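Report on one structure; see the data block that follows.
The chains referred to below are lettered A, B, ... by the order of the sequence lines, with proteins before strands, and numbering in each begins at 1. Excluded from the calculations below are hydrogen atoms, water molecules and symmetry mates; all remaining heavy atoms, backbone and side chain alike, are included. These numbers were taken from a predicted model, which means no experiment stands behind them.
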Amino acid sequence: MTHFAAVLLFALFASTVFGITQRETPQRMVRYGAYCFVLFAGSAIALSWLMFLIAR
Amino acid sequence: MPAAESGVKSESEQGFVYLPLIAGWLVPGAGHFLLRKWYRGALLAASIVGMFAMGIVMQGKLHTNPHDILDILSLAGDLGNGLLYVVSRIAGLGAEHVQVTTADYGTRFIVVAGLLNVIAAVDAHNLRTGRKS
């Protein structure tokens, strides 16, 4: 398993739990879960690029 | 007259109030199943068990004898997995020492799965008490 696949799996599992537990209606659960997933995955990609540029 | 005013308690207001919390901690999703929230329970169980299983597959470490404060915090996170942690310990799953990078990720997966399970159990308790619908 690649590191990026691990990040995506982590984001998927965590955002699913966050979505279900932090919102009340199914529609808002899905929206909040998707929002958390994008934040998890997006921040990992952004920080990875930042570390890559710092290391050069 | 509303049911609450007439003294008739609904089904969710009867029985031991902490049962969904304890069941949800011991078995991921069980608290929601007890409250007949089938889809939520199934998704929570799949996510938490999936994350724990991925942690084991990645040769993550199950904390046993904490030596410093970080180990104690990690053990607390591991214990959040309830019976998953106990069964895995009995079955001898999980690595003794972290030797590869993915094992370090796996260790975090196991700890976070436990913390997510605690969140899910508290959510079941909130549903049970009527704090959340």
Side-chain angles (χ1 to χ4, degrees), chain A, chain B residues 20-21 24-25 28-29 31-33 35 37-60 77 80-81 100-128 130-133:
Chain A
M1 176 184 291
T2 64
H3 295 186
F4 188 62
V7 165
L8 290 183
L9 270 178
F10 184 97
L12 178 68
F13 292 141
S15 56
T16 300
V17 176
F18 282 177
I20 292 172
T21 57
Q22 304 301 313
R23 292 295 183 269
E24 297 211 355
T25 62
Q27 188 180 4
R28 295 188 68 197
M29 287 176 184
V30 172
R31 287 183 61 181
Y32 188 67
Y35 173 71
C36 288
F37 181 82
V38 169
L39 279 186
F40 272 126
S43 59
I45 293 169
L47 286 172
S48 301
W49 274 107
L50 181 65
M51 287 187 284
F52 172 75
L53 293 173
I54 288 173
R56 289 184 73 185
Chain B
L21 177 71
W25 168 57
H32 288 76
F33 290 144
L35 300 170
K37 303 284 185 185
W38 306 112
Y39 291 118
R40 294 187 200 183
L43 280 170
L44 288 172
S47 298
I48 293 164
V49 175
M51 184 173 261
F52 184 86
M54 289 306 302
I56 294 292
V57 169
M58 286 192 274
Q59 302 171 34
N81 286 298
V100 291
T101 309
T102 51
D104 197 27
Y105 292 171
T107 304
R108 304 302 156 226
F109 267 56
I110 293 169
V111 172
V112 173
L115 298 176
L116 291 175
N117 192 39
V118 172
I119 293 175
V122 170
D123 185 60
H125 179 65
N126 287 337
L127 288 167
R128 171 65 181 80
R131 203 174 295 162
K132 184 185 175 190
S133 58

[X]: side-chain contact (heavy atoms from CB on, under 4.5 Å) partners, not counting sequence neighbours:
X: A/Leu50; result: A/Leu47, A/Ile54
X: B/Ala45; result: none
X: A/Val7; result: A/Ala44

Using 0.5 Å steps for rounding, measure from the CZ atom of A/Phe18 to the CZ atom of A/Phe13.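 These two atoms lie 14.0 Å from each other.
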Starting at CG of B/Leu115, measure out to CD1 of B/Ile48 and round the result to the nearest 0.5 Å.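 Taking CG in B/Leu115 and CD1 in B/Ile48, the distance rounds to 10.5 Å.
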For chain A, which of B/Leu116, B/Leu43, B/Val122 has the most heavy-atom pairs under 4.5 Å?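 Greatest number of close heavy-atom pairs with chain A: B/Leu116.
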What is the minimum heavy-atom distance between B/Gly80 and B/Val118, and which atoms define it?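 Closest approach of B/Gly80 to B/Val118: CA-CG2, 3.9 Å.
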A/Ala11 and A/Ala41: which non-hydrogen atoms are nearest, and at how many Å?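 So the minimum-distance heavy-atom pair works out to CB-N, 4.4 Å.
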Between chain A and chain B: donor-acceptor pairs at under 3.5 Å:
residue, atom, partner, partner atom, Å
A/His3, ND1, B/Tyr105, OH, 3.4
A/Ile20, O, B/Lys132, NZ, 2.9
A/Thr21, O, B/Lys132, NZ, 3.1
A/Arg23, O, B/Lys132, NZ, 3.2
A/Glu24, O, B/Arg40, NH2, 3.4
A/Glu24, OE1, B/Ser133, OG, 2.9

Quick one: what part of B/Met51 sits under 4.5 Å from any heavy atom of chain A, side chain, backbone, both or neither?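 Contact with chain A involves both backbone and side-chain atoms of B/Met51.
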